K.L.:
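Take a look at the following structure, please.
Keep in mind it's a predicted model, so treat the numbers as computed, not measured. Whatever order the structure lists ligands and atoms in, that order sets their numbers, starting from 1.
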Amino acid sequence: MSCWRIARCVVPLVLAAVAGCGDGGTEVRTVPVSVRVSYPGSYAQSAAAGARIVLSSTERSSADTLVADAQGTARFGRVIPGSYTISASRSLTADEAFTLTGQRTAVALAAALPARTIQQGGDTAVALTLQGSRLGDLVIKEIYFTGSRTPTGDTYFSDQFIELYNNATDTLYLDSLYIADVFGNSGQINPTSLPTPFNTDANAVYASSIWQIAGTGRQRPLAPGRSIIIAQDGINHRTDPLGNPNSPVDLSSADFESFNQRDDNRDVDAPNVPNLTRVWFTGGFDWLWTVFGPGLIVFRAPSTGFVLDTVRVPGSPTLQPRVRIPNVWVIDAFEGLQNGGSGSYKRLTAALDAGFVFATGTYTSESFRRRTAATIGGRRVLQDRNNSGEDFERLSRPTPRTFDEVPRSNLLPWRAAARRP
Ligand SMILES: [Ca+2]
Ligand SMILES: [Ca+2]
């Protein structure tokens, strides 16, 4: 029996009946596939009634969709044996979320299974557990990407960090969280610099390197109003022999660092700072973000061990592939560009981040911190309008773990709202 023959004579994925090819081909025996979709374990009920379930053939460009019943199940009656991915999604209104979680905030939930082979003979039963995050819960509080100058005027960039903040009213778990930098130039760095060629895809972000916080689900709690620091190198940059006395930061108490293990030991593993898990890496000695202004995203995948969707960079066949991350996985995003005229270089769609920030130059020690929208019972609620240009302010030096006032550098107009073409 040839798959090619099946594909020729059967267009729908799920057959209306046990099919026989009209041209004298081999009869195809279909099998039933049952799918059960559950809410996350913390929800008031398990069965995800109303979930949309998609069964997609990886061999034919076809898919079939069913909606889960009150028990959270759906049954695809007659499936042609072959390789399939199965995914599920459920959007909860604020009222639905309140019933299930006690939080009156809309939630987007999703789950996906890697491709699996459905074989002839017997029923196939599959279970998925939805995952999701309320938008705005975990936010980027501060990003220091500009680097600093040494006493002799040399450049230093190992002191970069990102700080993530729990902007919600209950504990969040950072287990399995991903942090990535986004492919693309920050502006007209040199005469041939072009905007990212991936800007034709409005539904995804293309990551250059991806790192992950390890954990099995409840090992990395973060209380409301608290934050974590992720350092390029978790050392005291001011006093370390490999550091820079002029660096504005001591990151020896960072929560995580990116340790880029190499045979030549060019990156240092700070023993007291836990390492992120390196998931995909296209950089050099360390996880260096461009000092001209990076794009950064924080995201969750709908299932652990998701299959990396690697994509070649159009027009640059020798570059390592980048990883396509669907916009719907992104929890928070930040975009820095070279200067106020660099809007056409935006890497993030307006849906994720409608603006950008920029520093007065490279190696200026300037940092970008999210504005405070309100303070409730001593807990800061940070502003999150999905617009880096509006949400972040530029500081003359970083403020890791604090909201200290710092002298503003010459605050020329630095906010910009620009849309990616
Ligand atoms: Ca490092
Ligand atoms: Ca370490």
Side-chain angles (χ1 to χ4, degrees), residues 140-150 154-164 173-183 186 207-216 219-222 226-299 308 320 322-323 334 336 362-368 397-401:
I140 297 165
K141 175 254 178 181
E142 184 163 347
I143 292 181
Y144 167 53
F145 64 80
T146 59
S148 51
R149 289 274 176 190
T150 69
D154 286 337
T155 58
Y156 185 78
F157 43 70
S158 301
D159 51 356
Q160 294 178 327
F161 74 85
I162 180 171
E163 183 172 2
L164 306 180
Y173 292 88
L174 305 183
D175 307 53
S176 304
L177 188 76
Y178 295 94
I179 304 102
D181 62 311
V182 183
F183 177 79
S186 312
S208 288
S209 295
I210 302 174
W211 298 74
Q212 186 178 34
I213 294 175
T216 56
Q219 294 175 312
R220 305 287 186 188
L222 185 66
R226 301 301 296 270
S227 66
I228 62 158
I229 303 273
I230 296 172
Q232 186 188 125
D233 288 328
I235 60 173
N236 184 341
H237 292 272
R238 289 194 284 248
T239 60
D240 194 280
L242 298 172
N244 168 20
N246 285 355
S247 170
V249 288
D250 170 5
L251 298 178
S252 58
S253 63
D255 297 273
F256 297 96
E257 65 170 347
S258 52
F259 171 53
N260 186 41
Q261 191 160 14
R262 296 166 52 97
D263 291 340
D264 62 5
N265 293 322
R266 281 293 294 265
D267 193 16
V268 176
D269 183 1
N272 296 325
V273 177
N275 302 336
L276 295 175
T277 302
R278 187 177 56 191
V279 176
W280 184 256
F281 189 72
T282 65
F285 301 129
D286 206 341
W287 192 28
L288 166 67
W289 312 322
T290 171
V291 295
F292 290 100
L296 293 164
I297 57 170
V298 179
F299 71 95
L308 295 175
Q320 285 174 268
R322 265 52 186 177
V323 178
F334 169 91
T362 51
Y363 307 104
T364 58
S365 294
E366 290 166 330
S367 191
F368 292 87
R397 62 174 171 78
T399 58
R401 296 198 200 283

K.L.:
If I consider every N, O or S atom in D286, which one ends up closest to the Ca ion (ligand 1)? I only need its name.
P.N.:
OD2

K.L.:
Hey, is there an N, O or S on N275 sitting under 3.0 Å from the Ca ion (ligand 2)?
P.N.:
yes

K.L.:
Of all the N, O or S atoms in E257, which has the shortest distance to the Ca ion (ligand 2)?
P.N.:
OE2

K.L.:
Could you identify the N, O or S atom of D233 positioned closest to the Ca ion (ligand 1)?
P.N.:
OD1

K.L.:
Distance alone, cut at 3.5 Å: any donor-acceptor contact between the side chains of S148 and D159?
P.N.:
yes

K.L.:
So does D264 pair up with R266, basic N to acidic O under 4.0 Å?
P.N.:
no

K.L.:
Can you measure from CD1 (I230) to CZ (F161) and round to the nearest 0.5 angstrom?
P.N.:
11.5 Å

K.L.:
Using 30° and 60° as the class boundaries, would you call the ring planes of F368 and F334 parallel, tilted or perpendicular?
P.N.:
tilted

K.L.:
Is the Ca ion (ligand 1) less than 3.0 Å from an N/O/S atom of N260, whether that atom is in the backbone or a side chain?
P.N.:
no

K.L.:
Return yes when at least one N/O/S atom of P271 is nearer than 3.0 Å to the Ca ion (ligand 2), and no when none is.
P.N.:
no

K.L.:
Find out whether R397 and S367 are in side-chain contact, i.e. whether some heavy atom of one side chain is under 4.5 Å from a heavy atom of the other.
P.N.:
no

K.L.:
What is the ring orientation for F299 with Y178, classed by angle as parallel under 30°, tilted 30 to 60°, or perpendicular over 60°?
P.N.:
parallel

K.L.:
Quick one: report the N, O or S atom of D269 that is nearest to the Ca ion (ligand 2).
P.N.:
OD1

K.L.:
Would you say F259 has an N, O or S atom lying under 3.0 Å from the Ca ion (ligand 2)?
P.N.:
no

K.L.:
Could you walk me through whether W287 and D181 pass the side chain to side chain donor-acceptor pair (under 3.5 Å) test, one step at a time?
P.N.:
CA-CA 9 Å; W287 192 28; D181 62 311; 2.8 Å; yes

K.L.:
So does S158 have any N/O/S atom less than 3.0 Å away from the Ca ion (ligand 1)?
P.N.:
no

K.L.:
Round to 10° and report the angle made at the Ca ion (ligand 1) by O of Q232 and O of S258.
P.N.:
80°

